[in-house]
Number of protein chains: 2
Amino acid sequence: MPEPDLASRLGSTRYSAAQMRVVTAALDLFVQQGVSATSLQMIADAIGVTKAAVYHQFKTKEAIVVAAVELELGRLESALDAAESAQPGPGALEALLSQVVDLAVGRRRMVNTLLYDPVIVRLLAEHRPFMEFMDHLFSVLLRGREDAEARTRVAMVASAIGGAVTHPLVADLDDATLKAELLDLSLRFLDLGDGEP
Amino acid sequence: MPEPDLASRLGSTRYSAAQMRVVTAALDLFVQQGVSATSLQMIADAIGVTKAAVYHQFKTKEAIVVAAVELELGRLESALDAAESAQPGPGALEALLSQVVDLAVGRRRMVNTLLYDPVIVRLLAEHRPFMEFMDHLFSVLLRGREDAEARTRVAMVASAIGGAVTHPLVADLDDATLKAELLDLSLRFLDLGDGEP
DNA sequence: GTCTATATGAAGATAGAC
DNA sequence: GTCTATCTTCATATAGAC
């Protein structure tokens with residue numbers, strides 16, 4: 001089976017209106033029940049057409065998954081660009097985290113699916129630009145450190161932001177509040193006990 | 001389709017040797033590729049029998065998933081019991097976190113699947129004892145606070161521990177080191193700026 | 001406890017008309 | 001761009017022999 005690739009520059013692919021209808025409906029279902037459990041029939045039903053009509057827009061189910069992931073990843077890349085171009089100096093870390101937190105909170109419904117759905121995980125694991133983006137993000141957060149504590153700390157913030165946005169404990173917080181708390185706590189956590197006593 | 005229930009007291013169900021072969025092989029496959037993407041044929045192949053033999057041990061695929069989740073959740077419940085019975089006082093939080101971290105690190109291969117696989121998520125969302133365990137865990141970590149910051153903080157530690165153990169940045173750390181770092185950082189994060197300035 | 005064989009349905013996917 | 005109709009493959013699941 002030929003695997004449709006993600007575009008190397010994210011968010012560059014253009015989709016027709018009919019394709020967008022498919023992708024948005026599909027993403028919605030992926031979020032609700034996972035990629036594997038979502039059939040083309042369900043996607044077709046959701047937009048009120050037949051399977052064949054869906055297949056006219058995308059050759060395979062995999063292509064729909066790719067399009068959905070690509071669309072969301074495009075936002076991440078834009079966020080990264082915004083942060084990097086605005087501040088090349090010390091405020092860069094704050095700017096970067098702020099963008100990531102904004103995005104995660106703004107799209108909290110999606111985050112779990114995009115980060116953890118088995119199908120998407122495999123897709124992204126083979127996707128160079130995504131891996132490189134992640135490496136870049138982590139290296140900024142590591143600030144040159146490589147020891148076990150620093151790496152654990154970064155792994156924890158990354159997971160904390162991605163995981164907390166869908167946590168039941170904060171489900172009732174509005175976006176602005178959650179963003180503020182997440183950003184503040186993330187920054188404090190990263191500076192926790194820094195610079196050797 | 002009739003849904004097999006998780007036992008209300010976790011880890012109580014007993015399984016035959018043949019059943020254990022099925023469950024452990026299945027869990028392995030669930031971890032590698034997700035629950036939905038794992039067929040009974042794959043499970044049967046993994047243990048070298050036919051599908052019919054597997055069906056003789058468990059009536060449905062769902063029952064296999066339940067058994068696997070139950071087995072792993074039993075460990076969590078034991079860990080909770082150990083922590084609670086040892087320390088009814090102030091050290092309780094440390095003891096509890098320590099148990100959770102131990103378990104998460106010790107079974108890091110499984111953690112993502114158990115926490116995030118869409119099929120298992122739905123299963124656990126309807127599982128009273130699990131929800132009650134989680135509520136209890138969170139209420140201990142909240143220590144009476146209910147404000148946005150406290151809740152965000154707890155949501156973050158919970159996600160941080162669960163997510164960090166499978167993070168590529170710490171993949172090469174041995175269990176002992178990762179446990180120590182995670183526990184230390186979690187405790188410090190929870191105390192971060194406590195007690196109003 | 002395991003097998004062979006089979007029922008039944010739904011999945012992904014395509015052909016060709018409108 | 002959407003339809004009806006159809007193909008193929010594989011999924012869950014069962015019956016009954018050894």
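Numbered from 1 within each chain, the chains take letters A, B, ... in sequence-line order.
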*Asks:* Indicate whether any N or O donor in one side chain lies under 3.5 Å from an N or O acceptor in the other, for B:H136 and B:E84.
*Replies:*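 B:E84 and B:H136 do have a side-chain donor-acceptor pair below 3.5 Å.
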*Asks:* For the pair A:Y116 and B:Y116, name the ring-plane relationship: parallel under 30°, tilted 30 to 60°, perpendicular over 60°.
*Replies:*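 Parallel.
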*Asks:* Would you kindly give the NZ-to-P distance between B:K61 and D:dT12, to the nearest whole Å?
*Replies:*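 So the two atoms are 5 Å apart, to the nearest Å.
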*Asks:* Is any side-chain N of the basic residue among B:R143 and B:D191 closer than 4.0 Å to the acidic one's carboxylate O?
*Replies:*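 Answer for the salt bridge query: yes.
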*Asks:* Check this for me: does any side-chain nitrogen of one of A:D184 and A:R188 sit under 4.0 Å from a carboxylate oxygen of the other?
*Replies:*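 Looking at A:R188 together with A:D184, the answer is yes, because their closest N to O distance falls below 4.0 Å.
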*Asks:* Please identify the 5'-most and 3'-most nucleotides of DNA chain C with any atom under 4.0 angstrom from a heavy atom of chain A.
*Replies:*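 First and last nucleotides in contact are C:dA11 to C:dA15.
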*Asks:* Would you give a per-nucleotide map of nucleotides 5-10 of chain D, 5' to 3', where B means the base has a protein non-hydrogen atom under 4.0 Å away, S means only the sugar-phosphate does, and - means neither?
*Replies:* ------
*Asks:* If we ignore angles and hydrogens, is there a donor and acceptor under 3.5 Å between the side chains of B:E132 and B:H127?
*Replies:*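 Short answer, no.
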*Asks:* Would you please name every residue forming a ring pair (Phe, Tyr, Trp, His ring centres under 6.0 Å) with B:F30, sequence neighbours left out?
*Replies:*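 None.
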*Asks:* If only side-chain N and O atoms count, and only distance matters, is there a donor-acceptor pair under 3.5 Å linking B:S78 with B:D81?
*Replies:*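 No, no side-chain donor-acceptor pair sits under 3.5 Å.
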*Asks:* So that I can tick it off, tell me whether A:R107 and A:D175 are bridged by a salt bridge, with the cut-off set at under 4.0 angstrom between side-chain N and carboxylate O.
*Replies:*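 Salt bridge: no.
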*Asks:* Mapping A:T38 and B:A17 to their closest nucleotides on DNA chain C, which lands nearer the 5' end?
*Replies:*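 Nearest-nucleotide comparison on DNA chain C picks B:A17.
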